[in-house]
Asks: 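For reference, the structure I am asking about is given below.
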Amino acid sequence: MGGGLKVHNKPETLGSIIKAARENAGITIETLADKADITERYLYRIENEDKKPSFDVLHKLVRELNISADSIFYPEKPSKDSEIENLLRMLSACDERSLEVVKATAKALIDTAPEK
């Protein structure tokens, strides 16, 4: 299994899904706990001790980490288009100005792409 690619095993528990999403996003426990308005200890227990959060806390964590609901409720379901889904989640978090920049960048990339 060489190369620079990470081998991802599909997380099976809610805590491992949240932890993997937080780590992939490069967010610390402290930062995420603050944004979800919970203690760091509570977040640690969710991630590592299988503590089940309330719906309100789960909602905040899912939205903050841009986690797809399918990955939580159907973790066994393979995601064929995970890169596209991830991009769509990121775009949904953009403000109008950021969306205009993304659209202009995509258009420029398409317009300057070499002919196939």
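Computed from a predicted model, the values in this text were never measured in an experiment.
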Asks: List in chain and number order the residues that pass side chain to side chain contact (heavy atoms under 4.5 Å, CB included) with Val62, two or more places apart in sequence or in another chain; answer none if no residue qualifies.
Replies: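 Partners of Val62 by the side chain to side chain contact (heavy atoms under 4.5 Å, CB included) criterion, ordered by chain and then number, come out as Leu58, Ile67, Ile72.
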Asks: First locate atom CG of Asp56, then atom CG of Leu61, and finally report the distance between them rounded to the nearest 0.5 Å.
Replies: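 It comes to 11.0 Å.
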Asks: Honestly curious: do Phe55 and Phe73 fall in one hydrophobic cluster under the side-chain, below-4.5 Å linking rule?
Replies: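 Unlinked, Phe55 and Phe73 end up in two clusters.
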Asks: Report the distance from atom CD1 of Ile46 to atom CZ of Arg41, rounding to the nearest 0.5 Å.
Replies: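 Ile46 CD1 to Arg41 CZ: 11.0 Å, rounded to 0.5 Å.
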Asks: Would one find more than 12 heavy atoms of other residues, nucleotides or ligands at under 6.0 Å from atom NZ of Lys107?
Replies: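 Open.
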Asks: Going hydrophobic residue to hydrophobic residue with side-chain gaps under 4.5 angstrom, can you get from Leu91 over to Val101?
Replies: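 Different clusters: Leu91 never reaches Val101 through Ile, Leu, Val, Met, Phe, Trp or Tyr contacts under 4.5 Å.
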Asks: Which pairs count as salt bridge (charged side-chain N to carboxylate O under 4.0 Å, His left out) when at least one residue sits in residues 13-27, sequence neighbours excluded?
Replies: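 Passing the test, one end in residues 13-27: Arg22-Glu47.
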Asks: Would you call Arg97 and Glu100 a salt bridge, using N to O less than 4.0 angstrom?
Replies: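 Glu100 and Arg97: not salt-bridged.
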Asks: Search all heavy atoms of Lys60 against all heavy atoms of Ala36 and return the closest pair with its distance.
Replies: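 Heavy atoms only, the tightest pair is CD-O, 3.3 Å.
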Asks: Rounded to the nearest 0.5 Å, what's the gap from OG1 on Thr39 to CZ on Arg45? Could you check?
Replies: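 CZ of Arg45 is found 9.0 Å from OG1 of Thr39.
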Asks: Other residues, nucleotides and ligands only: do more than 12 of their heavy atoms fall within 6.0 Å of CD on Glu96?
Replies: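 It does not: Glu96 CD has 12 such atoms or fewer within range.
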Asks: Rounded to the nearest 0.5 Å, how far apart are OG of Ser16 and CG of Leu14?
Replies: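 Here the rounded value is 8.0 Å.
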Asks: I need the Asp34 CG to Leu43 CG distance, nearest 0.5 Å.
Replies: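 Here the interatomic distance stands at 11.0 Å.
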Asks: Could I get the full list of side-chain hydrogen bond (donor to acceptor under 3.5 Å, both in side chains) partners for Thr31, not counting sequence neighbours?
Replies: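 Thr28.
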Asks: Is a salt bridge present between Asp37 and Lys35, judged by a nitrogen-to-oxygen distance below 4.0 Å?
Replies: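 Salt bridge flag = no for Lys35 with Asp37.
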Asks: What closest approach, in Å, do Glu49 and Tyr44 show between heavy atoms, and which atom pair accounts for it?
Replies: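 Of all heavy-atom pairs spanning Glu49 and Tyr44, the closest is OE2-CE2, 3.6 Å.
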Asks: If you compare all heavy atoms of Leu65 against all heavy atoms of Ile18, which two are closest, and at what distance to 0.1 Å?
Replies: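 Distance-wise, the nearest heavy atoms are CD1-O, 3.8 Å.
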